[in-house]
Amino acid sequence: MLTLPTLRDTLQHVPAAYTFIEMDERGEIAAHAPRVIFIEVTNHCNLFCEMCPRTFVSYERAQTLSWENFIRIVEQFPDMQRAVLHGIGEPLIHQDLARMVEYLEARDVTVLFNTNATLLTEQWARKLMAAGLDELRVSMDGASPEMYAQIRGAPLLHKIIENLKRFTKIQNELGASKPRVSIWMTGMRENVHELSALVRLAYEVGVREVYMQRMVYYLDHTAAPGRMDAGHALYDDFDARADDAVCHAESVARELGITLKASGGTDPRAMLTRKANARPWAACLRPWTTAYVTANGNCLPCCISPFATTDYASLQMGNLFEKGFADFWNADAYRAWRKNLLSNEPPASCKGCGVHWSL
């Protein structure tokens, strides 16, 4: 039987930038500006993943962030400590990405992003290392070509393996301590049995960290497209087969010296079997500490929300290109969101947090 972590235990694994306020300080008004900023540098992507809303619907007009608008965003967050340069899209599509990283690093900001790594060429590898990127997270939802193509919509696993081998080789040759590279799997009923193989694959390509995260899916859609419904998720029905797969993966990781964790800093078994309390969403800090800005300037309450509801209009707190962020950070939309999040009736996209995913 697992011992469930307390909220304080869980928060110990979260970067300090997320926890600069105390839980009892949260109210409708955010006393501080956010320090963790998600900047969606593009909403274009070269893959058609089965559990991504972008594959099936266009929330916003297609856009790649201009350099001028990137600067406009950054300048509105003087307290920024951590920048995450991704959203619904593939960051490596943006030709100015390394320049953005370098600009943020010069401001003493920790920079990271997720990538599918299909475009991770030698040129990109050298540019990102030279720019000082702190962390590179590679999304891989299968260890076999068949599973990867089934979930990610393209038979490109061989390309990712080739790219990662070259990336870690260059990093070793340069003696570069950054970026810290990790592989991330979205745990699903279809792919959990490949977690052990993914750990072995990470070892082969020179990556020493593997993470499994829960799948986020539409709660408010009775016939969700692709794999965006509960039928593919693990958390609601974590059976003995999945448990055995995770346990075996943990054994393989220990054998190979690979760090195997889950999102949130816990371990995969604890993440997938933890039963939430009555109001798990009330533990969230994001609307007080974090801002998410899309390539079109729309500000959303968090990076998970677009995956959790079809009501995209309800997620838009304001547009940073139309009005200064400070003008709506504590205006009606944000205040109502925070108030509801702390109540028994949270916003629709928050109801699943801690129950089905994330917290």
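Just so you know, residue 1 is the first one in the sequence shown, and it goes up from there. In what follows, every heavy atom counts, from backbone to side chain, and hydrogens, waters and symmetry copies are set aside.
Among Leu341, Leu342, Thr289, the single residue meeting the side chain to side chain contact (heavy atoms under 4.5 Å, CB included) criterion with Cys284 is Leu341. Considering Met212, Met140, Gln213, Glu209 as possible partners of Trp184, the one that fulfils the side chain to side chain contact (heavy atoms under 4.5 Å, CB included) test is Gln213.
In this structure, CG on Leu201 lies 12.5 Å from OG on Ser196, to the nearest 0.5 angstrom. Atom CG in Asn319 sits 4.5 Å away from atom CG in Asn298 (nearest 0.5 Å). The line from CH2 of Trp337 to CG of Asp332 is 15.0 Å long, rounded to the nearest 0.5 Å. The structure places CD1 of Ile39 at 6.0 Å from CG of Leu85, a figure rounded to the nearest 0.5 Å. We find the CZ-SG distance between Arg214 and Cys353 to be 8.5 Å, quoted to the nearest 0.5 Å. Taking CD from Glu40 and CD from Glu60, the interatomic distance works out to 6.5 Å, rounded to the nearest 0.5 Å.
In summary, the side chains of Glu28 and Tyr334 do not present any donor paired with an acceptor at a separation below 3.5 Å, with no hydrogens or angles considered. Counting only N and O atoms by type, the side chains of Glu90 and Thr42 include no donor and acceptor under 3.5 Å apart. A donor and an acceptor atom, one from each side chain of Glu345 and Asn340, are nowhere located under 3.5 Å apart. Residues Glu190 and His232 have side chains that bring a donor and an acceptor to within less than 3.5 angstrom of each other. Between the side chains of Thr110 and Asp134, no donor N or O sits under 3.5 Å from an acceptor N or O. His94 and Thr64 share no side-chain donor-acceptor pair at under 3.5 Å. No side-chain donor from either of Thr118 and Asn163 sits under 3.5 Å from a side-chain acceptor of the other.
Both tests pass for Arg338 against the ring of Trp329: distance under 6.0 Å to the centre and angle within 45° of the axis. In this structure, Arg26 satisfies the cation-pi test against Trp288, with its NZ or CZ atom closer than 6.0 Å to the six-membered ring centre and inside 45 degrees of the ring normal.
Annotation: Phe167 is not in aromatic contact with Trp124 [ring centroid separation under 6.0 Å not met].
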Check the pair Arg166 / Glu173 against salt bridge (Lys or Arg N to Asp or Glu O under 4.0 Å), numbers first and verdict last.
-> CA-CA 10 Å; Arg166 180 175 57 235; Glu173 289 174 350; over 6 Å; no

Evaluate the criterion side-chain contact (heavy atoms from CB on, under 4.5 Å) for residue pair Asn344 and Arg279; output intermediate values, then yes/no.
-> CA-CA 7 Å; Asn344 292 327; Arg279 297 170 61 249; 2.8 Å; yes

Show your working on side-chain hydrogen bond (donor to acceptor under 3.5 Å, both in side chains) between Thr55 and Glu50 and close with a plain yes or no.
-> CA-CA 7 Å; Thr55 301; Glu50 285 285 299; over 6 Å; no

Apply side-chain contact (heavy atoms from CB on, under 4.5 Å) to the pair Leu120 and Leu128, showing each step before the final yes or no.
-> CA-CA 10 Å; Leu120 191 60; Leu128 292 172; 4.3 Å; yes

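Contact annotation: the side chain of Asn296 approaches that of Arg61 to within less than 4.5 Å [non-hydrogen atoms, C-beta and beyond]. The side-chain heavy atoms of Thr294 and Tyr59, taken from C-beta on, include no pair separated by under 4.5 Å. In this structure the side chain of Asn172 never reaches within 4.5 angstrom of the side chain of Lys169, judged on heavy atoms. Residues Asn191 and Met185 are in side-chain contact: their nearest non-hydrogen atoms beyond the backbone lie under 4.5 Å apart. For the pair Thr309 and Leu219, the minimum side-chain heavy-atom distance is 4.5 Å or more. Between Pro301 and Tyr292 there is no side-chain heavy-atom pair separated by less than 4.5 Å. Side-chain contact between Asn116 and Ile160: absent, with no pair of heavy atoms (C-beta onward) separated by less than 4.5 Å. When side chains are defined from C-beta on, Glu75 does not count as touching Met80, because their heavy atoms never get closer than 4.5 Å.
With respect to Lys261 and Asp267, no salt bridge is recorded, no charged nitrogen being found less than 4.0 Å from a carboxylate O. Electrostatic pairing of Glu122 and Arg126 counts as a salt bridge here, judged by a charged N lying under 4.0 Å from a carboxylate O.
The two residues Arg241 and Arg189 come nearest to each other via the heavy atoms NH2-O, 3.3 Å. Contact record, Val216 with Phe307: CG1-CB, 3.6 Å, taken as the closest heavy-atom pair. Taking each heavy atom of Met129 and Pro179 in turn, the nearest pair found is CG-CD, 3.9 Å. Residues Ser182 and Glu135 come closest through the heavy atom pair OG-OE2, 4.2 Å. Shown here for Thr186 and Asp141, the closest heavy-atom pair between the two residues is N-OD1, 2.6 Å. Taking both residues in full, the closest heavy atoms of Arg152 and Ser139 are given as NH2-CB, 3.3 Å, listed atom of the first, atom of the second, then distance.
In this structure Tyr203 satisfies the side chain to side chain contact (heavy atoms under 4.5 Å, CB included) test together with Arg208, Leu256, Ile258, sequence neighbours excluded.
In the hydrophobic clustering of ILVMFWY residues, with side-chain heavy atoms under 4.5 Å counting as a link, Val74 and Phe113 come out together. Clustering ILVMFWY residues whenever any of their side-chain heavy atoms sit less than 4.5 angstrom apart, transitively, puts Met147 in the very cluster that holds Met188. When the side chains of ILVMFWY residues are joined at heavy-atom separations under 4.5 Å, either directly or via intervening members, Val138 and Val111 end up in a single hydrophobic cluster. Phe325 and Ile29 fall into different hydrophobic clusters, where Ile, Leu, Val, Met, Phe, Trp and Tyr side chains are chained together by heavy-atom contacts under 4.5 Å.
Between Phe70 and Trp67, the ring planes lie tilted relative to each other; the angle falls in the 30° to 60° range.
In Phe48, the CZ atom is not crowded: 12 or fewer heavy atoms of neighbouring residues, nucleotides or ligands sit closer than 6.0 Å.
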